[in-house]
> 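I have a structure I would like to understand better, so I am pasting it below and will then ask my questions one at a time.
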Amino acid sequence: MKFRSIKGTKDILPGESEKWQFVEALIREVMHEANYREIRTPVFEETALFQRSIGELTDIVSKEMYTFRDRSDESVTLKPEGTASVLRAYIQYNLGEQSPLTKLYYIGPMFRQERPQAGRLRQFHQFGAEALGSSSPQLDVEMMLIPLEVCRRLGIGSVTLKVNSVGCEKCRPAYRKRLVQELMAVYDQLSEESKTRVKQNPLRVLDSKDERDRAATRTAPLMKDFLCDECRMHFAEVERLLKETKTPYEIDGRLVRGLDYYTKTAFEITSAALGSQDALAGGGRYDLLVHELGGKPTAGVGFAAGMERLMIILEKLGQSPDPHIRPDLYIAAADNAARRWAFRFAHQLRQKGVAADLDYLGRSLKAQMREANRQNARYVIVIGDKELATGKAKLKKMESGQEEEVLLTDLASKLA
Ligand code: AMP
């Protein structure tokens, strides 16, 4: 019997994992510069948390969550996104009382039972941020600037920022009513999926990719033309800030995103390098959500971006980071006495922060040299009777082939 990883999951193997570490470090740097602090929430939560926040009628909750009953018959769910857990923790630990504005970020795995394809996995990773406690449009724009800055530092220039306003509880109901009327007039022309959405989630019909829906809704009214004064001013300020920061953007009146909780600003960052699954990041404002989840009314805004998709773009652009992971020193040993010495010496070197490796397979000196080459070691020393007796050895720099005689007692400090 051979075990394989589960469909839609991926192992991040050596060679890849170093690239992930590099990108993660860069993300942490960008988050730190904007004063976001890391939060790590559990991988699973009470199912009701996601039903309540993401919304029962969304694709995520209605068909994608990994939900199961544990051995105490509690319904738990592997988190499909980060915001709900972060807000749960924010409320649970009264973080709002410690400071009127809380800026948090996360990097971690998420789970959705979607049909796997290029760029779409069942376990994937997101990095994201949430700012809780302010309704300032500056934070809406900060949420767009953070993932864009991550892209910029990674040399990804080919991204598009799309923004929209989905209104609020004051202006959306009237628009929604109007939209449903219009959609009912073209009901027969809609795709089956959109037909079921007309009553439940009519705004989603507008961002359907199906050609029939596109054609039928070409002249449908858009939320951005129905905004109340407050939402309109908020959106105008978002646009002004984008211009002020010289951030290219497009207004996409059909952008609603697949989660129910957004109010006012919604945005998405896409990349042509991704193909059909072209969304790299998405986010928006959710001023009602903290209250909805049992906290005090608190304005909030956030984003989430897909790590795998970021890695795909880097690969496509030939800009994958190339972190040099290699030993500083490979110790080749000629006989058993030298092997014993090599193990002890490697231990001492490692304690001083020098990356040292040796042969554990009893291979010939020639094979050990080949291994040192394969590992791309910076230096090699060969240890045998003579070296142990004199306390001196030849240190070979692999790049140039140059050899230098060194005292073994000096080697650690020399390499450190
Ligand atoms: P969402 O939470 O759906 O707004 O997703 C935010 C970002 O996470 C997307 O723009 C993608 O980059 C990424 N993402 C979402 N779902 C998946 C998935 N199934 N596989 C890989 N990445 C995903």
Side-chain angles (χ1 to χ4, degrees), residues 5-12 16 20 23-24 27 41 45 49-50 53-55 57-66 77-87 105-130 140 143-144 146-148 150-151 154 156 158-164 166 201 203-204 207 209 252 255-263 265-286 289 300-316:
S5 57
I6 286 174
K7 192 168 137 188
T9 68
K10 238 171 110 176
D11 299 297
I12 301 169
E16 274 298 301
W20 279 68
V23 173
E24 283 163 3
I27 291 165
T41 61
E45 299 267 2
L49 173 68
F50 302 114
S53 58
I54 302 169
L57 301 175
T58 58
D59 286 352
I60 294 180
V61 173
S62 67
K63 46 190 187 203
E64 293 169 1
M65 292 203 307
Y66 278 98
T77 295
L78 302 184
K79 62 181 169 190
E81 57 107 48
T83 304
S85 302
V86 173
L87 267 52
Y105 83 88
Y106 59 85
I107 307 179
M110 307 292 163
F111 306 84
R112 295 181 197 173
Q113 192 159 6
E114 298 191 81
R115 195 169 51 76
Q117 60 182 85
R120 203 205 264 159
L121 292 153
R122 291 181 167 179
Q123 174 173 345
F124 57 100
H125 299 78
Q126 288 183 336
F127 68 96
E130 320 288 349
D140 303 34
M143 289 302 166
M144 304 173 197
I146 289 172
L148 288 173
V150 169
C151 288
L154 288 170
I156 301 172
S158 57
V159 294
T160 308
L161 169 65
K162 295 177 187 164
V163 297
N164 192 21
V166 295
N201 207 346
L203 273 72
R204 290 290 320 273
D207 78 351
K209 299 237 152 66
D252 179 352
L255 179 75
V256 293
R257 310 210 2 91
L259 303 91
D260 276 356
Y261 51 61
Y262 289 113
T263 48
T265 314
F267 69 92
E268 206 158 81
I269 297 171
T270 59
S271 163
L274 282 172
S276 68
Q277 299 296 316
D278 68 350
L280 174 61
R285 184 160 275 289
Y286 47 77
L289 188 54
V301 60
F303 83 90
M307 289 288 293
E308 281 81 2
R309 296 202 186 162
L310 201 56
M311 305 311 275
I312 291 173
I313 300 175
L314 287 173
E315 204 68 49
K316 279 243 173 84

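Order of listing sets the numbers, starting from 1, for every ligand and every atom in it.
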> When you measure from the side chain of Thr77 to the backbone N and O of Lys79, does any donor-acceptor pair fall under 3.5 Å?
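Looks like no, no N/O pair under 3.5 Å.
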
> Check side-chain hydrogen bond (donor to acceptor under 3.5 Å, both in side chains) between Ser53 and all other residues, then give those that pass, not counting sequence neighbours.
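With neighbours one apart ignored, the set is empty.
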
> Under the salt bridge (charged side-chain N to carboxylate O under 4.0 Å, His left out) rule, collect the residues that match up with Arg112, sequence neighbours excluded.
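For Arg112 there are no salt bridge (charged side-chain N to carboxylate O under 4.0 Å, His left out) partners, ignoring immediate neighbours.
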
> Looking at Glu24, His125, Gln126, which one forms a side chain to side chain contact (heavy atoms under 4.5 Å, CB included) with Ile107?
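Output: one option passes, namely Glu24.
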
> What pairs with Glu16 under salt bridge (charged side-chain N to carboxylate O under 4.0 Å, His left out), at least two apart in sequence or on another chain?
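With sequence neighbours excluded, Glu16 shows a salt bridge (charged side-chain N to carboxylate O under 4.0 Å, His left out) to Lys19, given in chain and number order.
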
> Which protein residues have a heavy atom under 4.0 Å from ligand 1?
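The 4.0 Å shell around ligand 1 contains Arg112, Glu114, Gly119, Arg120, Leu121, Phe124, Gln126, Arg257, Ala279, Leu280, Ala281, Ala304, Gly306, Arg309.
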
> Which atom pair, heavy atoms only, marks the closest approach of Val301 to Met143?
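Closest approach of Val301 to Met143, heavy atoms only: O-CE, 3.5 Å.
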
